[in-house]
**Student:** 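Structure in structure tokens, see below.
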Amino acid sequence: MSLTLGRKTASRSLIASPGLVWQTVRDRYTRMAKANRLKRELATMDGRMLSDIGMSRAQLGFEIEAWERNPR
């Protein structure tokens with residue numbers, strides 16, 4: 001009689017496939033690259049352009065710092 005109650009073995013559940021690892025790395029890199037492009041573009045905007053989209057320079061800095069602290 002088994003006492004595992006249908007759980008997967010630890011050795012199988014902790015091993016990720018190379019394809020999944022590659023996809024995760026690629027997705028994170030793509031997200032970081034997109035965020036860096038957006039930060040560069042926003043940094044080049046003057047105060048008038050930022051006010052057109054409803055942001056101030058201080059709000060922009062705060063939002064960028066908040067995103068870097070908690071990227072999700």
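Owing to the predicted nature of the structure, the values given are computational and were not obtained by experimental measurement.
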**Student:** Can you hop from I53 to L60 via hydrophobic side chains spaced under 4.5 Å?
**Tutor:**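 Yes, I53 and L60 fall within the same hydrophobic cluster.
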**Student:** Hey, could you give me the OG1/CD distance between T30 and Q23, rounded to the nearest 0.5 Å?
**Tutor:**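 The OG1 atom of T30 sits 10.5 Å away from the CD atom of Q23.
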**Student:** Do L50 and L38 share a hydrophobic cluster (ILVMFWY, side-chain heavy atoms under 4.5 Å, transitive)?
**Tutor:**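 As far as the 4.5 Å side-chain criterion goes, L38 and L50 are connected within one cluster.
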**Student:** Return the CE to CG distance between M45 and D52, rounded to the nearest 0.5 Å.
**Tutor:**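 Separation between the atoms: 9.0 Å.
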**Student:** Less than 4.5 Å apart, any side-chain heavy atom of N36 and any of K39?
**Tutor:**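 The answer is yes, as the side chains (C-beta and beyond) meet within the 4.5 Å cut-off.
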**Student:** About how many Å separate CE of M49 and CD of E41, when rounded to the nearest 0.5 Å?
**Tutor:**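 Reported value, rounded in 0.5 Å steps: 8.0 Å.
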**Student:** When you look at CZ of R26, are more than 12 heavy atoms from neighbouring residues, nucleotides or ligands closer to it than 6.0 Å?
**Tutor:**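 Count over threshold, so yes.
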**Student:** Could you tell me the separation between the CE atom of M32 and the CZ atom of R28, rounded to the nearest 0.5 Å?
**Tutor:**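 Taking CE in M32 and CZ in R28, the distance rounds to 10.0 Å.
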**Student:** Is it true that a side-chain atom of S51 and a backbone atom of G54 form a donor plus acceptor pair closer than 3.5 Å?
**Tutor:**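 Side chain of S51 to backbone of G54: no pair is present.
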